[in-house]
Amino acid sequence: MKHFFRRLFSRLFPRRTPFKPFDRSALPKPPSPSFDEMLAEGVLVAESAGRMALKNRLIVFALRGEERFEPARAEAIARDVLYELVQEADEAAERAAVERESASQREGRSAHQHDYHRVDTVNLRHRERVYAGVAKRLWELREDPDYLERFTEHARDAAWEDIAAAIDARLDREWSDIEVDAEYELERDERTRELLVDLERDLREAEAERARRAEAGDAFRDFVG
């Protein structure tokens, strides 16, 4: 009976195996992305920035109400936006080349993430190639009519969604309980003009903020190549 309870106790409360200290070096190294993968990601980042820029410009035109939406004009604006991104990617590639050349002259360990040394030259070369590849791909896309049509349509849909959401929010906030009478009908145009003025002001502020961030660094600062 004594042995029975001993065996039962050992099954119910097994002796714990001590854990080994965590060894980070024993973890498998993550596979390095290929050039094509980094290029594809860089193009996606640039396209996202381009759609947002085009969307904001379309919203400005819509709020001004000076003329109706014309696909050909919108596609011309899209080509301008993509050209700006091509320039930014080219400039980023040039900066990476300069940093690589400077890093090749320095030995030792980095003091911070932008303190490049000789050991970083390979990664800087990869980054330079990716930025140059992004610029080349965007240049090809801006010459593709089918791509420009899709690019513009997506930006236009996003613009109308933002305008509709802003109008809905403004109506819910300020006119949640509306009594429709003769005075309401007479003042409708004036309220609409006030709303458009507010929306255009908000858009200018958003554009100014985007320009400020662009001046502070390149448009791909969130992309790690």
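Here the structure is a predicted model, which is why all the values come from computation and not from measurement.
Side-chain contact between Glu75 and Phe151: absent, with no pair of heavy atoms (C-beta onward) separated by less than 4.5 Å. Contact of the Trp160 side chain with the Ile59 side chain is not registered, since no non-hydrogen atoms from C-beta on lie closer than 4.5 Å. Contact annotation: the side chain of Tyr131 never approaches that of Asp90 to less than 4.5 Å [non-hydrogen atoms, C-beta and beyond].
In this structure, NE2 on His154 lies 12.0 Å from CG on Leu54, to the nearest 0.5 angstrom. Taking CD of Glu143 as the start and CG of Leu82 as the end, the distance is 9.5 Å to the nearest 0.5 Å. In this structure, the separation between CZ on Phe61 and CD on Glu200 is 11.0 Å, given to the nearest 0.5 Å. One finds the CG atom of Asp168 at 12.0 Å from the CD1 atom of Ile163 (value rounded to the nearest 0.5 Å). Taken to the nearest 0.5 Å, the CG atom of Leu58 stands 10.5 Å off from the CG atom of Asp157.
Side-chain atoms of Thr152 come within 3.5 Å of backbone atoms of Leu148 as a donor-acceptor pair (strictly under, hydrogens ignored). Panel note: side chain Glu37, backbone Ser34; a donor-acceptor pair is recorded below 3.5 Å.
With sequence neighbours excluded, the residues that form a side-chain hydrogen bond (donor to acceptor under 3.5 Å, both in side chains) with Asp162 are Lys55. Among residues two or more places apart in sequence or in another chain, the side-chain hydrogen bond (donor to acceptor under 3.5 Å, both in side chains) test is passed with Asp144 by none. Taking the ring-ring contact (aromatic ring centres under 6.0 Å, His included) definition, one finds that Phe35 meets it with nothing, sequence neighbours left out. Ala97 is linked by a side chain to side chain contact (heavy atoms under 4.5 Å, CB included) to Arg100, Glu128, counting only residues two or more places apart in sequence or in another chain.
Applying the salt bridge (charged side-chain N to carboxylate O under 4.0 Å, His left out) rule to pairs touching residues 145-155 yields nothing, sequence neighbours excluded.
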Got a list of side-chain donor-acceptor pairs under 3.5 Å for residues 133-142, not counting sequence neighbours?
| from | atom 1 | to | atom 2 | distance (Å) |
| --- | --- | --- | --- | --- |
| Arg137 | NH1 | Glu140 | OE1 | 3.2 |
| Arg142 | NE | Arg79 | O | 3.3 |
| Arg142 | NH2 | Arg79 | O | 3.4 |

Quick one: do Arg57 and Glu84 satisfy salt bridge (Lys or Arg N to Asp or Glu O under 4.0 Å)? Show the steps, please. CA-CA 14 Å; Arg57 296 184 192 186; Glu84 293 170 5; 2.9 Å; yes
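Looking at every heavy atom in both residues, Ala46 comes nearest to Leu85 through O-CD1, 3.2 Å.
A single hydrophobic cluster is not seen to contain both Leu195 and Val197; linkage of ILVMFWY side chains at heavy-atom distances under 4.5 Å, directly or through other members, places them apart.
Side-chain polar atoms of Glu47 and Tyr147 form a donor-acceptor pair below 3.5 angstrom.
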